[in-house]
Amino acid sequence: MITAQKLTKRYGNQIVLNLERLEIPKGQSFGLVGNNGAGKTTFFSLILDLISPTTGYIINNDVRVDTSEAWKPFTASFIDETFLIGYLTPEEYFYFIGELRNRNKADVDMLLSQFENFFHGEILGQNKYLRDLSKGNQKKAGIVASFIGDPEVVILDEPFANLDPTTQIRLKRIIKDLTDNREITVLISSHDLIHVTEVCERIVVLDKGEIVKDIQTSTETLQELEHFFAGE
Amino acid sequence: MFRYFINLQWKSFFRSASLGKGLALKVLMVFFALYMMVSLILAGSGLFFLLQKIFPGTDPLHKLSEFMPYWLITELFIRYFMQKLPVMEVKPFLALPIKKSAIVHYILGRSGISFYNFMGLFIFVPFAIVLLTQGYPLLNVGFWLLAIAFLVLMVNYVNFIINKSDKAFLILAGLLIAFYALEQFTILPITDYAGTIFYALYEYEFLFTVPLFLSFLAYFFNYAYLRKRIFLDDSLGKRTKTAATSDLAWTKHFGSIAPFLQLDLRMIWRNKRTKTQVFISLAMILYGLVFYTMGDFALTSSMMVFVGIFITGIFLTNFGQFVPAWDSAYYSMLMSQNIPLRKYLDSKAGLISVSVVVMFLLSIPYVYFGWQALAINFSAALYNLGINIPMILLFGSLNKKRIDLKKSAFSNMQGTGAAQFLVIIPLLGLPILIFTLLKFLVSFEAGLLALAVLGLLGFFLRNRLLDGITELYRKKKYGMIAGFKQQNS
């Protein structure tokens, strides 16, 4: 589904990302872990063509992302709160995203009804603008918005951060359901090793922009990762 | 303790992002400030002779006293919109071992030396000096000036009290109109009373204690109010308004640009800066009166073309020059979403076009001054529609500065760069140049016709022009995203 080829990103003399080749097959739940500055968000921003690669390119479902915009209809993402429009209510935001993805109100309402549990009564019908919601609730809205319009690729940067424990558990369930039928490719980055090993079937560890580990998740994975990050 | 506060204040000023702005802008702002200062001082020193000339045989100081209530209310009115007590800035001090009373005294005391307080003094100090040269006794003038200074301080603190209410400005405006009406219909001679009261401040030196007392009263009222409320969930808390939602279903008539149009309308209505922008634009319709009533310019002069372009295009310039920066807070989302950039620009162009039409309709009453006024405004509107809209969107592509929608529009230079000043030249200068040239070579009518034809031409070519502009936006995408991400730029 997504292929990065000889991809580098450089700011001045500093190389922040350097991927010789990385291939993410369709339907995979892909986890990206690494310390701050490892290049996780840089990689996601490159997939979304928000920054331009210094060398190399990314192919998303046969579309080269920095030359064509044809990847947009089937790719959805939530990177951070700047993906939200602060002066809209959550409903208005969902409908707006729905319009962009050719889904009418009824479609969006149907999708939202599946997430009532996840919203925990704090998102819909609150008569509040998104800018006035707490960080955690903003995140919930942003994550669900990225499911609108049946995307084939969903990119979530640090989805577990700022969420309360109940919501974290529910989100794990949602992501697992999403990838169950092997139709949707989900890319997640996280600082929480436990969550990411539970949710993702493959985990790539970035360090200073390079891939240092590429693991198919198994029962030993968590230990392996903890061992690695402890620096032992 | 206050030493530390002052030190912090100093640092916050010199390290502030606004001071680190481009040199050109800085020079311009300094120039503007100096200009304001000099004009106020000139006004202050000329005031005495002006009053003498207009009201011969009366004491200018007495005349000034008569108008003092108007001055005070107007100042309060201006302050109500522009000056806010910066309570949020004390948040970091709350958890530090500093007495809350000290914090409150600090923010209140600091506002005592705010720019707004000097605004009035720049007029009254020169006025007082002139009084001295005219033989008014030093002692009386000195204490009069002191009294005025305390009145200014009083207004300063009263403003913070009334600022908490949304309706206070209506009351102020009402008061101003009521005073004027009472005076005009000779129901109550407000100015006579005011003259006696405020002139007394000059006649009896010791009366300066009254404004002194009043300003202290206002200060302590503020102090008592704030001291009780300096908690995170109270005056420092974020106020959340209940969202007023409407589905704006009528925008569906506009077809595929409807979702963006809804977004823009909501943005304008729900954010302070854009909202004030609309009100300013609507108020600017009156700007033409200045020129039309002055009688210094002929109805067919280039000045009137300037007026026409200006008033029909005021929203165009104010709003258009910050496209796409208005959307800077979520620009990366827009760019990764399934959005045809062209639709995005179409919607902006559509919105601005509507504004031009509305402003033209509002300007129709100018026909009172002659058919030429209507003809000028009409061709100016056409020119704005056809040429200036693509032009302003083109300039928008140079825009890489973030705008924080939550901040007020007044004296807010955020998102302003050299491009924002340069854009005025082609926007206003070009049509005036074309008109003046043709008027000189052919006739007034030919000049207007040229503007109208150019406008229509641009209107018919809009699709092509917008295609080109879209391409430009696409090329500049990465730079815009990176620029909009920078806070405090």
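Nothing here was measured: the structure is a model prediction, and the numbers come from that model.
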Stepwise side chain to side chain contact (heavy atoms under 4.5 Å, CB included) check, B:M333 with A:L84: CA-CA 7 Å; B:M333 184 278 271; A:L84 297 172; over 6 Å; no
Over 12 foreign heavy atoms within 6.0 Å of NZ, A:K6: no
Enclosure of A:H120 NE2 (heavy-atom neighbours >12, cutoff 6.0 Å): no
Flag if over 12 foreign heavy atoms under 6.0 Å of CD, A:Q114: yes
Chi angles and distances behind the side chain to side chain contact (heavy atoms under 4.5 Å, CB included) call for A:L48, B:M335: CA-CA 8 Å; A:L48 296 170; B:M335 287 302 106; over 6 Å; no
Most contacts with chain B, counted as non-hydrogen pairs under 4.5 angstrom, among A:I51, A:I85, A:T82: A:I85
Candidate pair A:D49 and B:Y478, rule side chain to side chain contact (heavy atoms under 4.5 Å, CB included), full reasoning: CA-CA 8 Å; A:D49 195 36; B:Y478 301 119; 2.4 Å; yes
Any side-chain donor near an acceptor of the partner, A:Y87 and B:Y330, under 3.5 Å: yes
Least distance between heavy atoms, B:S332 atom then A:L50 atom: O-CD2, 3.4 Å
Selection from B:M480, B:K343, B:R266 maximising heavy-atom pairs under 4.5 Å formed with chain A: B:R266
Over all atoms of both residues, closest heavy-atom pair of B:L263 and A:F96: CD2-CZ, 3.5 Å
Considering all heavy atoms, the nearest B:N338-A:L100 contact: ND2-O, 3.1 Å
Nearest heavy atoms of A:K72 and B:S336, plus distance in Å: CG-O, 4.1 Å
B:I481 portion near chain A, given a 4.5 angstrom heavy-atom threshold: side chain
Nearest-0.5 Å distance that lies between atom NZ in B:K477 and atom OG in A:S52: 10.0 Å
More than 12 heavy atoms of other groups within 6.0 Å of A:R10 CZ: no
Electrostatic pair A:E92-B:R270, nearest N-O below 4.0 angstrom: yes
From B:Q262 atom CD to A:Y95 atom OH, the distance as rounded to the nearest 0.5 Å: 12.0 Å
Part of A:I79 lying under 4.5 Å from any heavy atom of chain B: neither
